**Q** 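This is the structure I want to talk about, given as structure tokens.
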Amino acid sequence: MPQITYREAVRHALAEELTRDPNVVVMGEEVGQFQGAYKVTQGLLEKFGPLRVADTPISEAGFIGMGIGASMLGVRPVMELMFWSFYSVAFDQILNNAANVRYMSGGQINCPIVIRGPANGGTNVGATHSHTPENILAAHPGVKVVVPSTAYDAKGLLKSAIRDNDPVFFLENTLLYGEKGEVPEEEYLIPLGQADVKREGKDLTIVTYGRPVIQSLAVAELLAKEHDISVEIVDLRTIRPLDIDTVLASVRKTHRVLIVEEQKPFCGVGAQLTYMIQAEAFDELDAPISRLCTIDAPAIYSPPVEAEQLPNPQRILKAALALLD
Amino acid sequence: MSKKPSATIDQKPAAPVSYGQAPVNASLTAEHKIELYRQMVRIRRFEERSHRAYTGKNAAGGANIGGFLHLYNGQEAIAVGCCSLMGKHDHVITAYRDHGHAIAVGMNTKALMAELYGKITGCSKGKGGSMHFFSPERNYWGGHGIVGGQIPLGVGLAYGVKYKGYKGSAMAFMGDGAVNQGAVHEAYNLAALWNLPCVFVIENNGYSMGTSQARSSAGELAKRAEGYGIAWAACDGHDVYEVRATMDKYLTIAREECKPAVVEIETYRYRGHSVADPDNTYRTKAEIEDYRRTKDPIQVFQAILLAEGVLTEASAEKIDEAAVAEAEAAAEFADASPYPTAEDIQKDVYWESDNPDQRTSQGRLFFN
């Protein structure tokens with residue numbers, strides 16, 4: 001199977017869907033002539049032309065709102081946010097208009113928009129550019145939230161997202177764009193809301209998503225080799241809808257849970273998971289649920305210290321060992 | 001306190017019959033003219049009846065209508081004039097003072113009143129309320145609660161019309177208070193930059209809630225369009241002929257040349273910002289009475305139609321009686337209709353959860 005990068009996987013998904021459906025358009029800052037701030041959309045303008053791949057001004061509330069309005073008429077815009085951090089200047093459009101219009105119209109209006117872009121820390125760009133808003137987004141009924149960790153998942157999930165009739169927010173990761181993975185040449189889709197057991201194990205479940213999946217896999221390898229500990233890794237892939245059944249099945253198998261998320265702890269995805277696991281599998285737990293998050297402060301700039309603030313293999317290892325102690 | 005820095009509408013002729021000779025009006029049949037008049041009266045009577053419902057009690061002693069109620073009384077000529085120009089590919093979106101536009105695009109007043117009452121028979125099944133009326137089948141896209149937030153959506157409708165290759169337009173309505181919101185300016189820029197057929201309509205009733213234009217907005221409102229290279233105009237919203245003549249020009253340009261415009265329409269609202277506004281802090285009763293007496297859009301148009309011989313006092317009376325009866329029937333319908341049930345709360349959230357046989361995603365969508 002060919003190996004391509006996460007970046008190429010996203011690009012291929014966009015290109016395939018642009019080819020498949022004439023209603024799909026790609027819009028955003030620097031997606032065309034500049035070839036994408038992170039080169040995700042490289043080559044798409046040449047291939048599909050300026051009507052299908054359109055550069056917008058730096059005007060997130062304006063162009064995201066425009067995409068929402070167009071989607072109500074049946075266009076299927078895939079809007080790039082150069083950073084998901086910029087969602088805050090389009091908050092009203094994203095979380096009032098896109099999230100609510102179906103409900104407030106009594107189900108008369110659909111909003112089949114995809115908003116995608118990177119949402120991660122670890123690039124030393126300070127607090128304004130390092131937001132991970134998946135919990136804030138997913139707190140709004142009416143929306144779907146996807147956070148893929150691998151090239152394979154990114155492609156299959158993005159294609160599903162573009163075909164979805166509800167608004168889907170797709171959170172990528174600049175530190176994963178260059179990561180290679182096996183991606184088949186033939187077309188495939190991954191349904192939203194389906195978690196993936198990235199590694200089977202029996203002693204401990206790590207529930208995670210996004211870049212910490214990759215880090216957790218490395219830690220699991222180490223734990224197996226050096227500590228004879230067998231770790232199961234559940235990659236949520238989608239935050240909403242949430243595949244809680246796969247999480248619970250793993251809890252029933254290992255009886256110990258570590259949640260790893262590149263989020264601040266307060267009201268994060270892990271808080272919701274913790275509630276649901278204890279509510280639905282309390283008797284299966286041999287230890288309190290443990291949670292490893294980004295250290296609770298705005299994202300620090302200082303490069304070596306930012307690496308400490310985020311989940312990293314050392315912190316994950318320590319948390320896993322503490323849970324098994 | 002005077003509401004405007006300059007009284008531009010006073011400089012216009014008192015009886016602007018010339019707009020009746022504009023081709024878009026001269027071509028109207030007597031029936032069409034009466035229909036315009038009837039719609040304005042229907043809006044007025046609907047609003048008066050909903051105001052009565054809001055301040056009254058239902059049989060159980062509770063409120064008929066919850067939340068806010070922003071009434072359109074005094075502004076009728078704008079919604080009716082603009083929406084009367086709509087063709088198959090023309091779209092409308094507005095803010096929370098949305099009842100007039102809903103009636104003007106042809107929505108059923110029973111469904112509108114039932115929505116105000118929070119009933120399942122309402123146009124949004126009781127899920128939207130006064131500020132959130134929608135009728136996509138009539139190209140009416142709401143009804144939006146956040147000042148200025150609907151304007152980028154309006155540009156998106158114009159984009160959609162253009163992208164799909166239709167000769168059409170979007171009318172994006174806002175109040176004078178919206179012109180200072182950033183989203184409006186982002187929308188202006190996009191519409192101009194991408195040549196989108198969007199006509200931005202500023203319904204300038206002089207007050208953004210309780211703050212007069214002089215106290216909230218620098219400069220001339222529509223003229224801000226110049227900064228974006230967008231054509232603009234200002235007109236009198238008390239005369240439905242003038243509204244139609246002005247809007248027809250810019251809608252035609254939008255449809256034919258794919259160019260946006262900003263049209264500021266002078267108007268006045270008789271009621272407070274919402275029914276909750278006691279309306280005694282920022283303008284005088286004399287000012288309101290003066291508008292009612294001299295510029296009421298229904299009275300203005302009635303005088304024109306009487307002079308044209310299209311309408312008689314007796315036929316005007318009949319139209320009014322029918323409008324009162326329609327509003328009353330709407331209230332009775334709303335009152336008699338059932339509320340949504342608790343089971344309805346989680347319907348209409350996701351397309352997928354409402355169409356389970358076509359669902360492709362998995363996992364939990366709701367968290368109770």
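The chains referred to below are lettered A, B, ... by the order of the sequence lines, with proteins before strands, and numbering in each begins at 1. Please read all numbers here as calculations on a predicted model, not as lab measurements.
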**Q** Looking only at non-hydrogen atoms, find the nearest pair between Gly62(A) and Pro152(B) and report the distance.
**A** O-CB, 3.7 Å
**Q** Contact part of Asn110(A) toward chain B, heavy-atom cut-off under 4.5 Å: side chain, backbone, both or neither?
**A** side chain
**Q** Can you tell which part of Thr56(A) gets under 4.5 Å to a heavy atom of chain B, answering side chain, backbone, both or neither?
**A**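 Contact with chain B involves both backbone and side-chain atoms of Thr56(A).
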**Q** Check the surroundings of atom NZ in Lys198(A): do more than 12 heavy atoms from other residues, nucleotides or ligands lie under 6.0 Å from it?
**A**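 Atom NZ in Lys198(A) is crowded, with more than 12 foreign heavy atoms closer than 6.0 Å.
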**Q** Can you tell which part of Glu60(A) gets under 4.5 Å to a heavy atom of chain B, answering side chain, backbone, both or neither?
**A**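 For Glu60(A), the backbone is the part near chain B, not the side chain.
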**Q** Tell me, side chain or backbone of Pro22(A) under 4.5 Å from chain B's heavy atoms, or both, or neither?
**A** backbone
**Q** Which atoms of His185(B) are under 4.5 Å from chain A, going by heavy atoms: the side chain, the backbone, both sets, or neither?
**A**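 For His185(B), there is no contact with chain A at all, as no heavy atom is under 4.5 Å.
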**Q** Heavy-atom cut-off 4.5 Å, strictly under: side chain, backbone, both or neither for Val143(A) against chain B?
**A**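 Answer is backbone: N, CA, C or O of Val143(A) sit under 4.5 Å from chain B.
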**Q** Kindly compute the distance separating CG (Asp166(A)) from CG (Asn355(B)), expressed to the nearest 0.5 Å.
**A**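 Rounded to the nearest 0.5 Å, the CG-CG separation comes to 9.0 Å.
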**Q** State the CD-CG distance between Gln362(B) and Leu242(A), to the nearest 0.5 angstrom.
**A**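 Reported value, rounded in 0.5 Å steps: 12.5 Å.
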**Q** Find the distance between NE2 (His132(B)) and OH (Tyr103(A)) and round it off to the nearest 0.5 Å.
**A**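 If we round to the nearest 0.5 Å, His132(B):NE2 and Tyr103(A):OH are 12.5 Å apart.
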**Q** Side chain, backbone, both or neither: which part of Ser105(A) has an atom under 4.5 Å from a heavy atom of chain B?
**A** both
**Q** Nearest 0.5 Å, what's the CG-OG distance between Leu190(B) and Ser59(A)?
**A** 5.0 Å
**Q** Quick check on Asp164(A) against chain B: is it the side chain, the backbone, both or neither that has a heavy atom closer than 4.5 Å?
**A** side chain
**Q** Where on Lys164(B) is there a heavy atom nearer than 4.5 Å to chain A: the side chain, the backbone, both, or neither?
**A** side chain
**Q** Heavy-atom distance under 4.5 Å between the side chains of His144(B) and Asn97(A), does that happen here?
**A** yes
**Q** Step through the shown structure and confirm whether more than 12 heavy atoms of other residues, nucleotides or ligands are within 6.0 Å of CZ on Phe86(A).
**A**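 More than 12 heavy atoms, drawn from other residues, nucleotides or ligands, come within 6.0 Å of this atom.
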**Q** Which bit of Ile244(A) is near chain B, if near means a heavy-atom gap under 4.5 Å: side chain, backbone, both or neither?
**A** side chain
**Q** Quick one: pull up OH in Tyr159(B) and CE in Met66(A) and give me the separation to the nearest 0.5 Å.
**A**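 One finds 6.5 Å between OH of Tyr159(B) and CE of Met66(A).
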**Q** Could you state the interatomic distance from NZ (Lys144(A)) to OG (Ser361(B)), rounded to the nearest 0.5 Å?
**A** 4.5 Å
**Q** Would you say the side chain of Thr360(B) lies within less than 4.5 Å of the side chain of Pro191(A), judging by non-hydrogen atoms?
**A** no
**Q** Is chain A contacted by the side chain of Leu157(B), its backbone, both, or neither, given a heavy-atom distance below 4.5 Å?
**A** both
**Q** By a 4.5 Å heavy-atom criterion (distance strictly below it), what part of Gln93(A) contacts chain B: side chain, backbone, both, or neither?
**A**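 Side chain only.
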**Q** With a 4.5 angstrom heavy-atom cut-off, is it the side chain or the backbone of Phe63(A) that approaches chain B, or both, or neither?
**A** both
**Q** Any chance CD of Glu257(B) has more than 12 other-residue heavy atoms, nucleotides or ligands included, within less than 6.0 Å?
**A**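 Check passes, neighbour count above 12.
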**Q** Less than 4.0 angstrom from a charged side-chain N to a carboxylate O is my criterion; do Glu280(A) and Arg364(B) meet it?
**A** yes
**Q** Is it true that atom OH of Tyr275(A) has more than 12 heavy atoms of other residues, nucleotides or ligands lying nearer than 6.0 Å?
**A** no
**Q** Heavy-atom cut-off 4.5 Å, strictly under: side chain, backbone, both or neither for Asn139(B) against chain A?
**A**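 Neither part.
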